[in-house]
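Taking it in order: structure first as structure tokens, then the write-up.
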Amino acid sequence: MPEALNFLREMNNKGLKPNVITYSTLIDAFCKEGMMQEAVKIFMDMKRVGLSPNEFTYTSLIDANCKAGNLSEALKLKKEMFQEGISSNIVTYTALLDGLCQDGRMEDAEEVFREVLETGISPNQQIFTALVHGYIKAKRMENAMEIWKEIKGKGFKPDLSLYGTIIWGLCSQNKLEESELVFSEMKGCGSTPNHFIYTTLMDAYFKAGKTKEALNLLQEMLDNGIEFTVVTYCALIDGLCKKGLLQEAINYFRRMPDIGLEPNVAVFTALIDGHCKNNCIEAAKELFNEMLDKGMIPDKAAYTTLIDGNLKHGNLQEALSVEKRMREMGMELDLYAYTSLIWGLSHFGQVQQAKILLDEMIGKGILPDEILCICLLRKYYKLGYLDEAFELQTEMVNKGLITGTCDYAVPNART
DNA sequence: AGACAGTATT
């Protein structure tokens, strides 16, 4: 798309001199559209016509590169910026720190944060939130809470993002009571939780088996006029299904269009799984077809759910045909799909086929967990393939998949 | 003119 450069030239011809702001705005727009090459072209053109990029220009490019996972390019730009004598500001640092956090490079992110302090820039909520989020993602909740306490010690009033991040972090660590305290404190301080926060907490309540609390929160959302999103419905439908409240889940699902929302693949998958696990495989298949009829493209999770549902209902052939369709769609099987299929095949006594899939997954660098390995081993023993079982057991021990201390020949109710 | 937060499958 060379239109942007033409556009700039046209502006010039009309005597409307594009300035640094014009160029920076265009660069940022192309970055946000994911058209990096185009953004870079404008960046180079800007330099060519003698305009100097400033902190805004660089920040847009650094942020876009971070979000695209090109950390090295982002760091290169930061260095270039420094060499050009343009100082980074809090927004530049936040973009870079967040990029490093998203990439799991916490030591580098901490280094960036130190640089902020050393430069004399006072950190604001956004950069604290980015850092807190990084720690949570790295499963270092203790560090996240230290920052949280530090912020509150400084007398900052946490904003919605920070409250939301902390609540999400505590939920992800199954620290529901603490999460609840922060949630109450938030409301007490006059902040109104948004749909992100309500959805996070409701989902956590459902996952912890606290159905009543989850439903109370749902009511609170309705009372406070909080917007429902597709994700809210997804968490709600999944939670209801897992509690066996299938009809309730269906009702919410069917009422989504009433408020202008259409179920996406994730919502269908939650409901399909719910039907499978509540003994309604036929209805699950109908839902899957309904999804196809709507022109939606099932993802790995959707296919895996249908495969697993069929296996658990004794339909091995149908499960294998779904697997075939999945592969024909050009999808690689993942840990979930392999686990389900290997379990199913061994359950039906097809241990050779299960072994083929096991080798295939290991070949791709996807490692089965110990439970799956033991499940397959026990089936070998049970079917009387003792030599093969022993061989497989040795192989699994050598690959570090099992510890090898159990007596797998002992029949087990689960196999 | 630029930065930070949530969901479904074994």
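The sequence lines fix the lettering, A, B, ..., with proteins before strands; numbering per chain opens at 1.
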Scan [X] against the nucleic acid and name what it touches under 4.0 Å (heavy atoms): base, sugar-phosphate only, or nothing.
X	value
A/A266	base
A/D159	nothing
A/I62	nothing
A/T229	base
A/T165	sugar-phosphate
A/S24	base
A/T305	sugar-phosphate
A/T304	base

Output the rounded distance in Å from [atom1] ([X]) to [atom2] ([N]).
X	N	atom1	atom2	value
A/K207	B/dG6	NZ	P	14 Å
A/D369	B/dT9	CG	C1'	15 Å
A/D98	B/dG2	CG	P	17 Å
A/F128	B/dA3	CZ	P	20 Å
A/K312	B/dT9	NZ	C1'	11 Å
A/W168	B/dC4	CH2	C1'	12 Å
A/F43	B/dG2	CZ	C1'	14 Å
A/M46	B/dG2	CE	P	15 Å

Is there a donor and acceptor pair closer than 3.5 Å between the side chain of [X] and the base of [N]?
X	N	answer
A/T94	B/dG2	no
A/T59	B/dG2	yes
A/N89	B/dG2	yes
A/N264	B/dA8	no

[X] side chain, from C-beta outward: closest of [options]:
X	options	answer
A/V91	B/dC4, B/dG2, B/dA8	B/dG2
A/A95	B/dT9, B/dA3, B/dC4	B/dA3
A/D203	B/dT9, B/dA8, B/dG6	B/dA8
A/K67	B/dT9, B/dG2, B/dC4	B/dC4
A/D299	B/dT9, B/dA8, B/dA1	B/dA8
A/T92	B/dC4, B/dA8, B/dG2	B/dG2
A/T199	B/dG6, B/dC4, B/dA8	B/dG6

So, does [X] get its side chain near the phosphate of [N], meaning an N or O under 4.0 Å from OP1 or OP2?
X	N	value
A/H133	B/dC4	no
A/H195	B/dA5	no
A/Q102	B/dA5	yes
A/K32	B/dA3	yes
A/K137	B/dG6	no
A/K300	B/dA8	no

Quick one: side chain to side chain donor-acceptor pair (under 3.5 Å) pairs with a partner in residues 166-177 of chain A, sequence neighbours left out?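 The answer is none; no pair qualifies.
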Below 6.0 angstrom between ring centroids: does that apply to [X] and [Y]?
X	Y	answer
A/F228	A/Y198	no
A/W148	A/Y163	yes
A/Y58	A/F82	no
A/Y303	A/F288	yes

Count the heavy atoms belonging to other residues, nucleotides or ligands that lie under 6.0 Å from CD of A/E33, then report whether that count exceeds 12.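 Not buried by this count: 12 neighbours or fewer within 6.0 Å.
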A/K294 atom NZ, neighbour heavy-atom count above 12 within 6.0 Å: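 Correct, the count exceeds 12.
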With the criterion set at under 5.5 Å between ring centres and under 30 degrees between planes, would B/dG6 be stacked on A/F196?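 Here A/F196 fails the 5.5 Å or the 30° condition.
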Checking A/N194 side chain against A/I197 main chain: does a donor-acceptor pair fall under 3.5 Å?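 It does hold such a pair.
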